[in-house]
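Some notes on the structure that comes next.
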Amino acid sequence: MNKIEHIGIAVRNLDEAILTYTELLGTECYKTEAVESEGVKTAFFQVGESKIELLEASNENSPIAKFIEKKGEGIHHIAFDVTDIQQSMSELAAKGFQLLNEAPKNGADNKLVAFIHPKSSNGVLVELCQEKK
Ligand code: ZN
């Protein structure tokens, strides 16, 4: 893992959260993007070498809707930047980590992503992400 690429935060209302985090971080959101396949609307802030990703559910079956229903708003996942996502997935699977995806999929912000089940990592949903070339 190269660095923490971003921290994902589940929010009920993206527009309101963007205003809050613009104030909090002292920087403007640089991108909003809907990822229909995941049922989310996202907004990104750059903070030093890492990012904050705000996530709002775009439908009631979205994983974010389910997360908020269960736990309320808050930190949803931590994403680590990797050089070769396929290789990282194979290595982690070999070490016994349970992957939620068999193959990398398209995520927001020009990334290939895959997730590790929180049961494998002390309750934290871990995202691997690799910049698309
Ligand atoms: Zn993410």
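Order of appearance sets the numbers: ligands from 1, and atoms from 1 within every ligand. Note that the structure is a prediction, hence the values are computed from the model and not measured.
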Do Glu5 and Lys111 sit within salt-bridge range, that is, some charged N less than 4.0 Å from a carboxylate O?
yes
Could you count the protein N, O or S atoms found under 2.8 Å away from the Zn ion (ligand 1)?
4
Atom pairs and distances, donor-acceptor, side-chain atoms in residues 11-25, under 3.5 Å, two or more places apart:
unit_1: Asn13; atom_1: OD1; unit_2: Asp15; atom_2: N; d: 3.1
unit_1: Asn13; atom_1: OD1; unit_2: Glu16; atom_2: N; d: 2.9
unit_1: Thr20; atom_1: OG1; unit_2: Glu16; atom_2: O; d: 3.1
unit_1: Thr22; atom_1: OG1; unit_2: Ile18; atom_2: O; d: 2.6

Do Glu38 and Lys105 sit within salt-bridge range, that is, some charged N less than 4.0 Å from a carboxylate O?
yes
Set out, in order, the CA-CA distance, both residues' side-chain angles and the distance that settles side chain to side chain contact (heavy atoms under 4.5 Å, CB included) for Ile116 and Val124, then state yes or no.
CA-CA 9 Å; Ile116 296 167; Val124 176; over 6 Å; no
Pairs where residues 69-108 contributes a residue and the test ring pair (Phe, Tyr, Trp, His ring centres under 6.0 Å) is met, not counting sequence neighbours:
His6-His77, Phe67-His76, His77-Phe115
Side-chain atoms of residues 26-35: list all donor-acceptor pairs with protein atoms under 3.5 Å, sequence neighbours left out, distances to 0.1 Å.
unit_1: Tyr30; atom_1: OH; unit_2: Asp109; atom_2: OD2; d: 3.1
unit_1: Lys31; atom_1: NZ; unit_2: Asp109; atom_2: OD1; d: 2.8
unit_1: Glu33; atom_1: OE1; unit_2: Asp109; atom_2: N; d: 2.8

